[in-house]
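What follows is a set of notes on a single structure, which appears directly below.
We count ligands from 1, going down the list as the structure has it; atoms in each ligand are counted the same way.
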Amino acid sequence: MNYENILSEHSNGITTITINRPKKLNALNRATIQELHDAFEAADTDGDTKVIIITGSGEKAFVAGADISEFADFNVEEGGDLAAYGHEILFDFVANLSTPVIAAVNGFALGGGLELAMASHFRLASDNAKMGLPEVSLGVIPGYGGTQRLPQLVGKGRAMEMIMTAGMIDANKALSYGLVNHVVPQEELLPLAEKIASKIMRNSSVAIAEAIGAINANYDDGVNGFEVEIEAFGNCFGTEDFVEGTTAFLEKRKADFPGK
Ligand code: COA
């Protein structure tokens, strides 16, 4: 597929999606959000992608936020619709994808950029990365999941401080907060994401999809995550991957999972 604002490249089971508006620090305008939806959906369903890496082009930014120029004149209804649509087609969509999504945060991840990284299943950062939710400095609040996912990841007090101050934290603070799992020099960021992706790919993609659903259930209001886990655990017993995984172990060989 041809995109105007992003690049999507596939190699050895990994689809790398790169937001490609470096002159606007990869800010998320409507067209970019739609293209991201299309690229994530295509990767999730192509039968060949085992892991998706999302990153930003250039050396300065992952994503510097939602495109402020697009919503500066919105009214109450339009503002609400913007957030609801974004949740549906990108942020919740990514969080609930059954293909693992790794965010490689290569610079500024602000506002919608940090929200996209937080919707991803986990995050790595380059040592120049800066993260924050500066929305209240614009007279608005995070609208793409930031008020929910930031406290889930770093705890309520830290999230309150970050959101109220509208400040940025550096990569090492993000590491100490548990917001990112690893910090490396920029040139090592994508190689590290690919190395972790290769480790993930050795395992059953069918079981990983069930695990993502069960982990996410912990954060779904009114859902008993333990019950979701029990059902997902049972589901695994009916899969070819389970037969292959257990047989390979008993035969003392590496599993060759048929996958999804
Ligand atoms: N929306 C729209 N355009 C944005 C943007 C955003 N969120 N973030 C950056 N840009 C644009 C700038 O307007 C500028 O465009 P121009 O060259 O046409 O004027 C270009 O990207 C480069 O940004 P600039 O501000 O010149 O870079 P900088 O290095 O001086 O500052 C930031 C970098 C990230 C600190 C600054 O761009 C910034 O504060 N961006 C907004 C962050 C934000 O509030 N995000 C939350 C949105 S809800």
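- Assignment of K23 to the shell around ligand 1 is supported, since a heavy atom sits closer than 4.0 Å.
- Here the side chain of N106 pairs a donor or acceptor atom with the backbone of G58 at under 3.5 angstrom.
- In terms of polar-atom proximity, defined here as any N/O pair under 3.5 Å, P134 makes no such contact with ligand 1.
- A salt bridge does not link R149 to E115: none of the charged nitrogens lies less than 4.0 Å from a carboxylate oxygen.
- At a 4.0 Å cut-off, not a single heavy atom of G112 sits close enough to ligand 1 to count as contact.
- Between E4 and R21 there is no salt bridge, since no side-chain N of the basic residue sits under 4.0 Å from a carboxylate O of the acidic one.
- Ligand-side atoms of ligand 1 in range of L138: 44 (O), 47 (C), 48 (S), range being under 4.0 angstrom from any heavy atom.
- When only non-hydrogen protein atoms are considered, atom 16 (P) of ligand 1 lies nearest to K24 NZ, 3.6 Å.
- In terms of N/O distances under 3.5 Å, ligand 1 is not approached by E135.
- In this structure, K60 is part of the shell of residues with a heavy atom less than 4.0 angstrom from ligand 1.
- A donor-acceptor pair under 3.5 Å is absent between the side-chain atoms of H182 and the main chain of L124, judged by distance alone.
- Proximity annotation for atom 2 (C) of ligand 1: of D67, N29, L25, D67 comes nearest, heavy atoms only.
- Between Y144 and F91, the ring planes lie parallel to each other; the angle is under 30°, not in the 30° to 60° tilted range.
- Proximity of atom 38 (C) of ligand 1 to the protein is not indicated, since no non-hydrogen protein atom lies closer than 4.0 angstrom.
- Protein heavy atoms are found less than 4.0 angstrom from atom 7 (N) of ligand 1.
- Ion pair R30/D67 not flagged as a salt bridge, since none of the NZ, NE, NH1 or NH2 atoms sits closer than 4.0 Å to an Asp/Glu carboxylate oxygen.
- One option in G107, A66, G132, A64 has a heavy atom closer to atom 40 (N) of ligand 1 than any other, and that option is A64.
- Contact atoms of ligand 1 toward L110: 34 (C), 42 (C) (distance under 4.0 Å to a heavy atom of the residue).
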